[in-house]
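Each chain gets a letter, A, B and so on, in the order the sequences are listed, and its residues count up from 1. Heavy atoms only: backbone and side chains are in, while hydrogens, waters and symmetry mates are out. Treat the numbers as computed from the prediction; the structure is a model and nothing was measured.
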Amino acid sequence: MQIPLKVYNSLTKQKEEFQPINPPFVGMYVCGPTVYSDVHLGNVRTFLSFDVIYRYLQHLGYKVRYVRNITDVGHLTDDADEGEDKIGKKARLENLEPMQIVQRYSNDFHNVMELFNILPPDIEPTATGHIVEQIEMIKALMNKGLAYEVNGSVYFDVSKYNENNHYGELSGRVLEELMSGSRTLDGQDEKRNPVDFALWKKAVKGHIMRWHSPWSVGFPGWHLECSVMSAKYLGETFDIHGGGMDLKFPHHECEIAQSQGATGKSPVKYWLHTNMLTVNGQKMSKSLGNSFLPHQLVTGEHELLDQPYSPMTVRFFMLQSHYSSTLDFSNEALKAAAKGYKKLINGLRIAKSLEYTEDGGGLNEKVLKQIDQIIENIYRSMNDDFNSARVIAQLFNLLKKINSLQTKNLKFGELGKEGFEKLINTFADFVENVLGLREEKPEDVDGILDILLKLYAEAKAEKNYDKVDEIRSLLKERGIVLKDMKDKIDWAYEE
RNA sequence: GGUCUCGUGGCCGAGUGGCUAGGCAGAGGUCUGCAAAACCUUUUACGGCGGUUCGAAUCCGCCCGAGACCUCCA
């Protein structure tokens with residue numbers, strides 16, 4: 001396609017043509033979850049957005065290396081770098097080894113990702129697996145005079161960094177204002193400046209997760225792992241760094257400062273930020289207590305939910321908005337999405353089942369042109385900062401053609417074999433591979449079997465033995481045998 | 001208070017200086033034993049006030065309203 005891919009770069013605050021540093025390779029890093037509690041739907045939105053970006057880049061032929069970390073070091077509950085370690089706290093409360101907490105919620109996270117058909121990244125590094133590398137980066141920063149040690153803890157010297165760099169370039173902060181705006185913490189603070197942040201924290205008594213370092217037995221600062229792991233797997237400068245808006249400051253700002261401080265290079269070419277999921281206009285977040293857990297959605301067991309919604313309904317719902325807009329979560333919107341999703345996925349089933357047959361129609365240039373136009377619009381939309389909402393709109397337009405083929409309102413011959421294949425393949429490819437929507441078959445297989453058993457019983461009662469034999473043999477082909485019992489009919493797997 | 005985003009028809013949600021978003025809901029029609037689905041047609045719109053322009057919902061200013069970040073958060 002001739003239309004170039006453009007992405008909105010949060011760093012430059014404008015849409016830019018996407019040009020990878022080393023085509024056809026693309027390096028993409030996305031901040032993953034901290035595994036100390038269940039992921040909620042807001043978290044899912046971010047990973048879903050980058051899933052579609054990942055899928056589309058691959059669709060365009062790029063060789064993408066997608067890295068998404070797992071934060072399994074317990075970071076502190078407030079940014080004064082005080083407070084309790086979240087994983088350690090949970091471990092203590094539940095009387096578990098911290099790594100049990102980490103494992104449990106990592107497993108849960110992976111299950112949720114699979115539920116929403118979010119592809120796994122190529123590399124999923126953990127913070128605890130890269131303590132050595134983090135220590136190395138701290139050393140490098142200390143050697144450059146950008147970090148200082150106090151009582152076994154090491155802090156990043158933001159004002160020092162700002163002398164030759166621009167701290168705040170991503171989030172639009174001005175250091176002076178940050179410094180005047182932040183309260184000086186009473187007495188105990190080890191930092192030279194409130195805006196400085198921890199690279200290494202000495203473990204206080206009772207802190208469970210701890211490692212040896214040249215400075216103390218302790219643990220690394222929150223921002224450090226992303227700088228370290230992205231550099232390790234993608235290089236000191238790589239193409240795309242993603243994450244939720246709420247990580248822009250301070251997390252991503254600090255990441256830039258660390259990386260640039262250590263290497264002298266700007267680490268990321270394109271910064272992409274996804275917007276928040278809201279509930280009644282308010283951000284969904286753990287701390288506000290208005291978050292939905294994925295399983296609550298699927299079961300419908302939540303006071304704000306009228307009914308259950310399937311994972312693909314939610315996926316479809318989220319893709320109907322642009323990743324950089326807030327999206328409000330409501331029953332009405334979800335119900336509409338459920339119907340829309342089913343319409344689209346019915347189309348996918350039809351698309352896959354249609355076979356081209358010569359039915360005497362002559363080529364219809366007008367329809368062919370329409371289809372070409374729609375397909376071009378699909379690429380145009382996706383290339384415009386991954387506008388999945390517009391892609392879906394166009395897919396519904398293709399769907400009309402597909403449905404018309406099925407109902408014979410449109411003849412195969414009008415499209416010709418080539419036109420037909422383009423229609424079907426584009427539709428199926430975008431629905432399944434780019435948007436990642438998959439068919440959700442009814443799970444109630446038992447219920448469907450019951451219906452067959454009922455028909456079988458009726459046929460027997462009518463002594464319609466042809467029908468009886470037919471049902472029996474058809475089920476047998478599927479590995480299911482019927483059992484005529486004295487008082488009822490049952491079934492079993494064929495042995 | 002500082003920085004920033006948004007305000008689109010009954011609901012959700014794209015987009016754009018003049019050319020159909022789309023889904024859901026509503027209306028009419030075709031098809032159908034009935035129904036559903038599908039297809040065709042169709043109603044409802046760009047927070048307010050100014051300005052730029054031949055023309056703005058789209059650009060600019062002001063106002064009103066909502067939200068995000070500035071503390072852990074995707």
K.L.:
Report the residues that fulfil side-chain hydrogen bond (donor to acceptor under 3.5 Å, both in side chains) with A:Q296, sequence neighbours left out, ordered by chain and then residue number.
P.N.:
none
K.L.:
If I pick the C1' atom on B:A45 and the same atom on B:C11, what distance separates them, to the nearest angstrom?
P.N.:
13 Å
K.L.:
Base, sugar-phosphate or nothing for A:L327? Non-hydrogen atoms, less than 4.0 Å.
P.N.:
sugar-phosphate
K.L.:
Check every atom of B:A38, B:G15, B:A74 against the side chain of A:N387 and return the nucleotide holding the closest atom.
P.N.:
B:G15
K.L.:
How many whole angstroms separate atom CE of A:M318 from atom C1' of B:A74?
P.N.:
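Distance, rounded to whole Å: 11 Å.
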K.L.:
Between A:D385 and A:K15, is there a side-chain N and carboxylate O pair less than 4.0 Å apart?
P.N.:
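Salt bridge absent between A:D385 and A:K15.
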K.L.:
Would you say the ring centroid of A:Y233 lies under 6.0 angstrom from that of A:H130?
P.N.:
yes
K.L.:
Name the closest nucleotide to the A:M284 side chain, picking from B:C12, B:A68, B:A74.
P.N.:
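For the A:M284 side chain, the nearest candidate turns out to be B:A74.
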K.L.:
What is the distance, to the nearest angstrom, from the CD1 atom on A:I350 to the C1' atom on B:A38?
P.N.:
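A:I350 atom CD1 is separated from B:A38 atom C1' by 8 Å.
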K.L.:
Rounding to an integer number of Å, can you tell me how far A:L405 CG sits from B:C31 C1'?
P.N.:
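Result: 17 Å.
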K.L.:
Can we say A:R173 and A:E177 salt-bridge, meaning some charged N sits less than 4.0 Å from an Asp/Glu carboxylate O?
P.N.:
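A salt bridge is absent here (no side-chain N lies under 4.0 Å from a carboxylate O).
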K.L.:
When the C1' atoms of B:A25 and B:C19 are compared, how many Å lie between them, rounded to an integer?
P.N.:
28 Å
K.L.:
Kindly say if A:S325 contacts the phosphate of B:A14, meaning a side-chain N or O under 4.0 Å from OP1 or OP2.
P.N.:
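Yes, such a contact exists.
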K.L.:
Relative to the 5' end of RNA chain B, which residue comes earlier, A:Y323 or A:S171, by the nucleotide with the nearest heavy atom?
P.N.:
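With A:Y323 and A:S171 compared, the 5'-side residue is A:S171.
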K.L.:
Base, sugar-phosphate, or nothing for A:T278, non-hydrogen atoms under 4.0 angstrom?
P.N.:
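No contact.
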K.L.:
Classify A:M276 by what it touches in the nucleic acid, base, sugar-phosphate, or nothing, heavy-atom distance under 4.0 Å.
P.N.:
base
K.L.:
Ignoring hydrogens and angles, state whether a donor on the side chain of A:N331 or A:Y309 is under 3.5 Å from an acceptor on the partner side chain.
P.N.:
yes
K.L.:
How close or far is atom P of B:C70 from atom NZ of A:K283, stated in whole angstroms?
P.N.:
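Taking NZ of A:K283 and P of B:C70, I get 7 Å after rounding.
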K.L.:
Tell me whether the OP1 or OP2 atom of B:A74 has a side-chain N or O from A:K286 closer than 4.0 Å.
P.N.:
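Checking A:K286 against B:A74: at least one side-chain N or O falls below 4.0 Å of OP1 or OP2.
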K.L.:
Determine the Euclidean distance between corresponding P atoms of B:A56 and B:C60; express it in Å to zero decimal places.
P.N.:
16 Å
K.L.:
Across the strands shown, which category fits A:G42 at heavy-atom distances under 4.0 angstrom: base, sugar-phosphate, nothing?
P.N.:
base
K.L.:
Under 4.0 Å between any heavy atoms, over every strand shown, what does A:H40 touch: base, sugar-phosphate, or nothing? Just pick one.
P.N.:
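The answer is base, as A:H40 lies within the cut-off (heavy atoms under 4.0 Å) of a base atom.
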K.L.:
Look at all strands and tell whether A:S321 reaches a base, only sugar-phosphate, or nothing, counting heavy atoms closer than 4.0 Å.
P.N.:
sugar-phosphate
K.L.:
Does any donor atom in the side chain of A:R45 or A:S321 lie under 3.5 Å from an acceptor atom in the other side chain?
P.N.:
yes
K.L.:
Can you tell me how far C1' of B:A37 sits from NZ of A:K342, to the nearest Å?
P.N.:
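Distance, rounded to whole Å: 14 Å.
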K.L.:
Roughly how many Å is it from NE2 in A:H241 to P in B:A74, rounded to a whole number?
P.N.:
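Taking NE2 of A:H241 and P of B:A74, I get 13 Å after rounding.
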K.L.:
Side chain of A:D328, heavy atoms from C-beta onward: which of B:G2, B:C69, B:G13 has the nearest atom to it?
P.N.:
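Shortest atom-to-atom distance from the side chain points to B:G13.
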K.L.:
Identify the nucleotide, in any strand shown, that forms a Watson-Crick or G-U wobble pair with B:U30, with both distances under 3.5 Å; if there is none, say none.
P.N.:
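Partner of B:U30: B:A38.
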K.L.:
With the threshold set at 4.0 Å, does a side-chain nitrogen-carboxylate oxygen contact exist between A:E432 and A:K352?
P.N.:
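Answer for the salt bridge query: yes.
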K.L.:
Respond yes when some side-chain nitrogen or oxygen of A:N409 is under 4.0 Å from OP1 or OP2 of B:C39, and no when none is.
P.N.:
no
K.L.:
If pairing requires Watson-Crick or G-U wobble contacts with both distances under 3.5 Å, which nucleotide is the partner of B:C4?
P.N.:
B:G67
K.L.:
Find the distance A:L399:CG to B:A37:P and express it as a whole number of Å.
P.N.:
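About 14 Å, once rounded to whole Å.
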K.L.:
List for me each residue that meets side-chain contact (heavy atoms from CB on, under 4.5 Å) alongside A:N433, sequence neighbours excluded, and say none if there are none.
P.N.:
A:D429
K.L.:
Suppose we define a pair by two distances each less than 3.5 Å, Watson-Crick or G-U wobble; what does B:A57 pair with here?
P.N.:
none
K.L.:
Does B:A14 have a Watson-Crick or wobble partner in any strand here, with both distances under 3.5 angstrom, and which is it?
P.N.:
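Pairing partner, where one exists within any strand: none, as none qualifies.
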K.L.:
Calculate the interatomic distance between A:N346 atom CG and B:C39 atom C1'; express it in whole Å.
P.N.:
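Rounded to the whole Å, the gap is 15 Å.
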K.L.:
What's the gap between B:A57 and B:G50 when it is taken at their C1' atoms, as a whole Å value?
P.N.:
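That atom pair is separated by 16 Å.
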K.L.:
Using atom P in both nucleotides, what's the gap between B:U71 and B:C62 to the nearest angstrom?
P.N.:
28 Å
K.L.:
Searching all strands shown, indicate the nucleotide that pairs with B:C46 (Watson-Crick or G-U wobble; both distances under 3.5 Å).
P.N.:
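Partner of B:C46: none.
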K.L.:
Side-chain contact, heavy-atom cut-off 4.5 Å: A:T278 with A:M284?
P.N.:
no
K.L.:
Between protein and nucleic acid, restricted to nucleotides 20-29 of chain B and to nitrogen or oxygen atoms under 3.5 Å apart, what atom pairs and distances do you find?
P.N.:
from  : atom 1 : to     : atom 2 : distance (Å)
B:A25 : OP1    : A:K339 : NZ     : 2.6

K.L.:
Taking the minimum atom-to-atom distance to the side chain of A:F249, which one of B:A74, B:C70, B:C39 wins?
P.N.:
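For A:F249, the side-chain atoms sit closest to B:C70.
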K.L.:
Quick one: on RNA chain B, does A:F329 or A:N275 contact a more 5' nucleotide (nearest heavy atom)?
P.N.:
A:F329
K.L.:
Under a 3.5 Å threshold, yes or no: a donor from one side chain and an acceptor from the other, between A:T71 and A:E225?
P.N.:
yes
K.L.:
Look at all strands and tell whether A:S285 reaches a base, only sugar-phosphate, or nothing, counting heavy atoms closer than 4.0 Å.
P.N.:
base
K.L.:
For atom C1', what is the distance between B:G22 and B:G18, given to the nearest Å?
P.N.:
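Their C1' atoms lie roughly 22 Å apart.
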K.L.:
Taking atom C1' in both B:G65 and B:U8, what distance in whole Å separates the two?
P.N.:
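Going atom to atom, C1' in each nucleotide, I get 15 Å.
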K.L.:
For the C1' atoms, the ones on B:U43 and on B:U52, what distance do you get once it is rounded to whole angstrom?
P.N.:
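So the two C1' atoms sit 34 Å from each other.
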